[in-house]
Every structure is written in structure tokens, then in C-alpha cells.
2 protein chains.
Amino acid sequence: MERGGTRSAPTRRRLVEAAVETLKEDGFVGASARAIAERAGSNQGLIFYHFGSVTNLLLAALDEVSAERLHDYGEAVGRVGSPGELVEVATDIFLTDLDAGHMTVLAEMIAGASSVPGLGAEVAKRIHPWREFARSAIENSIGGTPLGAVVPAGDLAHAVVALYLGLEMLSHLDGDRQPALRLFGLAGQLAGLLEMTGASSTSTTD
Amino acid sequence: MERGGTRSAPTRRRLVEAAVETLKEDGFVGASARAIAERAGSNQGLIFYHFGSVTNLLLAALDEVSAERLHDYGEAVGRVGSPGELVEVATDIFLTDLDAGHMTVLAEMIAGASSVPGLGAEVAKRIHPWREFARSAIENSIGGTPLGAVVPAGDLAHAVVALYLGLEMLSHLDGDRQPALRLFGLAGQLAGLLEMTGASSTSTTD
DNA sequence: GTCTATACTTGGATAGAC
DNA sequence: GTCTATCCAAGTATAGAC
């Protein structure tokens, strides 16, 4: 239901969506005010009216993707206990993100941050929740196990985010997602092995 | 010792070096013909004379870094046997690359490839040797062990390159190399564990 | 809030003098 | 092989009409 009077932000939203799409398809370099505005079906000047600068719009795009992804991740991981299940869900998430290009937005913003003063800190701020989410999911999965006692969840989370990012970039580069797929298969096997050797944390009453 | 007559390619080399530095400091977006030429102390037009386009110069820069790195890697890994030693050497290499910004060149080129048609394939071509090198080093290290029988070296190499890339991007983003450092420490511990449980491949005559 | 028009800057690329 | 000058396209950003 729409209000006839103000209807405050349809253009703003369209610009953000267009910015996301442009980052996915044309990368950071291709994400100019003109390119984004054209994709949004509106004009270039509105970007500066609504966001002040192209950079701010791109950050809004990153916020959008970040929020959406973290929401979906939370739903997916909510009902996960064992490491095996976690890997299974992570594989699913990874493939979804890869095909939809969600991570491309992140990767392009990180790389682009090298070129725009001050952007790095803003991007870092927005990546922190991803790492924190991974840490929490990992802790819930291996927190009570011997492995969890040896390997700090925070460090592992950092590695997972980095690997996630690197795999996306390589997959995107030559359009081949097979190597990444095989890796997740491998991770699944290792997780299965882990569940049999170490004590699992799922519903084990001692 | 310099020849007085032709002295064929000093400018060309200076441009390549300047391109490398510019990619490191200002990223793909900042690596314009004018910015590179200024850093090289020569003028913009020479880039097109020598390389035809900025993109070609950037690829030459990537070639340069790639060749130099693979050479150094080869030297370092040449005398490595056990997984523990491999991790040790890898840590050293990683820190060197991180501080020198070698991987930044790679990361920026991969990210920038999204924006320039045809660049992706060229960059992919130049990354292939890195993966192949990693595969070979891994195979030499765990090839004869039980782990090597379960985990394909090629898949692991892909993961290593991806992780390497991802860690560089995250470290570069917020200027904090501590998380990456802790990870390598962790990897060292795991490798040590591996050497004790599984059979090591180093000089074991049965 | 949206559109058109425009100022200003930077960048890729070429021509021509030296 | 190098430098200057220049063209043209694209980018950011603002002003002002609607």
C-alpha cells in the first residue's frame, strides 16, 4: 500500500539496486554515476542529490548486500549443529552467492578501496559483521569439541572469509566454479571424518 | 656497463616498474597512463608507443611481478621436504609478499578484470603458473603421505592460492596483518601434528 | 524530487616536431 | 625513441528549470 503524498524513496532504492547490479556486472571501475543512473532508468544528477557522491552510493549498495546476505545466512545456519551440516550449508550459501554475484560486490569494493582515500575504513567496517557471523557459526559447531579447544574460532573465521573471497575472485575470473565445488566436497569429507574421530557437540549427554 | 649506441629499453623498463608501483599504491583505478608516466619520470604518450594501451602495460607489470615471485618461490621451496617446513617457508613468503605489496598487484588486476573486456582471460593465464607452483610444492610435501592420498594436490593448491589472495585483501584493507600471522602459526601447528601422526615422506627408507 | 544543461577534470589515444 | 600539443570521450559535480 502506497501513500499518495510523500512516497519518500523509490528512486533512492532503484539507484541502490542499480549500483549493486553495476558492481556485479561492470566492477568498481565500471560503476560510474552515468552507468548506474542509466541502469536505474533515471539520471545521473540524482545520485548526488540522494547520496552526495558515487562512493557513498556504492557504500549504500554494499550495505544493502551485506544486510541481505547476513539475514539469509542467519536463517540457513540457525538449525545447524555438527561440522558436517555446517559445511553442507556453507556449500549451499557459497554457490548461491557465487551465482548471484553477491561476493563480487564485496570483492570489487575491497579492491576499489585501494584507489579512494578513506574508503578502506568504511569497507572494513562493513566486513566486520561477516567475520563475526562466521566466528559465531564456527563456535556453535566446533566450540565443544577438541578441535575447538585447539583452533580459535576467530582465527578460523578470518580464514573462512578470506578463502570465501579468494575463491569467488578466482571463480569469477575464469568462469569456472568446479575447483571451488571440489573444495567444498573435500571439506565435507573432512568434517565427516572429524565427527567420527573427535567427540561431536550435538546432543551428547555425558 | 652501458652501451653508448642504442641502449634499447630503459624507458620501457621504467614504465613497467612504475606501473607495478602504481598498482600497489593507487590500485587499478589509480593506474592511469598519466599517473604511471609521472611516476616513471617520463611522459604519457610513451606508454602507447611502447605498449599500445594502458591495459597492456598493466599486463606487462603483472608478468614482471609474476616472474620475479615464481623465481623466488622456487628458490625458497627447493630445499623443503616436510609439511612443517613447507608451512614455515610459506609463512616467510607470505609476509614478504604482503609487506612488499606483490599480491596487491595480482588482486587489483583480478578485480579490475571485471571492468575491462578480455582482460579476465589474460589475467587467468598469468595466474595459472602460481597455482601450478603451489600444486607442485604441495605434492612434493604430502605426496607420499596418507593425507596426500585423500586430498588431491591440485584442489589444495587452488585453495591455497585463493586463501593467499583473500588474506592479502583483508590485510591490506585494514592494515592489520596479525590475523593472517596467527593463521600461519596455526597451520604450522597442524603440520607438526600431521608429521607425528601420519608417515612423513622425508627420507624414510622402508 | 526529478530532469536538463553545463562547468570542470581526468583519462585514453594520436599527430607531429625534434 | 622521446616530447609537446591536441582531440575526444567519460567522469564528477553543480545550477537551475520544472
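Below, all heavy atoms of this structure are taken into account, side chains as well, without hydrogens, waters or symmetry copies. Chain identifiers are assigned alphabetically (A, B, ...) following the order of the sequence lines, protein sequences preceding nucleic acid strands; residue numbering begins at 1 within each chain.
For A/H50, taking side-chain heavy atoms from C-beta onward, the closest of the listed nucleotides D/dT2, C/dT14, C/dT2 is C/dT2. Considering only the side chain of B/L46, D/dC3 comes nearest among C/dA5, D/dC3, C/dT2. Nearest nucleotide to the A/S32 side chain, out of C/dT2, D/dG11, C/dG11: D/dG11. Here the nucleotide nearest the side chain of B/N43, chosen from D/dA13, C/dT14, D/dT4, is D/dT4.
Looking at which nucleotide of DNA chain D each of B/G41 and A/S53 is closest to, the 5′-most match is held by B/G41. Between B/Y49 and B/V29, it is B/V29 whose nearest contact on DNA chain C lies nearer the 5' terminus.
Atoms CD (A/E38) and P (D/dT12) sit 14 Å apart, rounded to a whole Å. Remark: C1' of C/dT10 and CZ of B/R34 are 7 Å apart, rounded to the nearest angstrom. Following rounding to the nearest Å, A/Q44 (CD) and D/dA10 (C1') show an atom-to-atom distance of 11 Å. Distance B/R12 CZ to D/dT2 P: 11 Å, rounded to the nearest Å. The distance between atom CD1 of B/I36 and atom P of C/dT10, rounded to the nearest whole Å, is 17 Å. In this structure, A/F51 atom CZ and C/dT2 atom C1' are separated by 14 Å, rounded to whole Å. As a whole-Å value, the separation of B/I47 CD1 from C/dA15 C1' is 18 Å. If you measure from atom CZ of A/F48 to atom P of C/dT6, you get 18 Å, rounded to the nearest angstrom.
The side-chain tip of B/R12 points at the ring of B/F51 from less than 6.0 angstrom away and within 45° of straight on.
Two residues are said to be in side-chain contact when any heavy atoms from C-beta on lie closer than 4.5 Å; A/L106 and A/W130 meet this criterion. Between B/T104 and B/L23 the shortest side-chain heavy-atom distance does not fall below 4.5 Å. With contacts defined as side-chain heavy-atom distances shorter than 4.5 Å, the pair B/K24/B/E108 does not qualify.
The side chain of B/T11 places an N or O atom within less than 4.0 Å of a non-bridging phosphate oxygen (OP1 or OP2) of D/dT2.
Within 6.0 Å of CD on B/E38 lie no more than 12 heavy atoms contributed by other residues, nucleotides or ligands.
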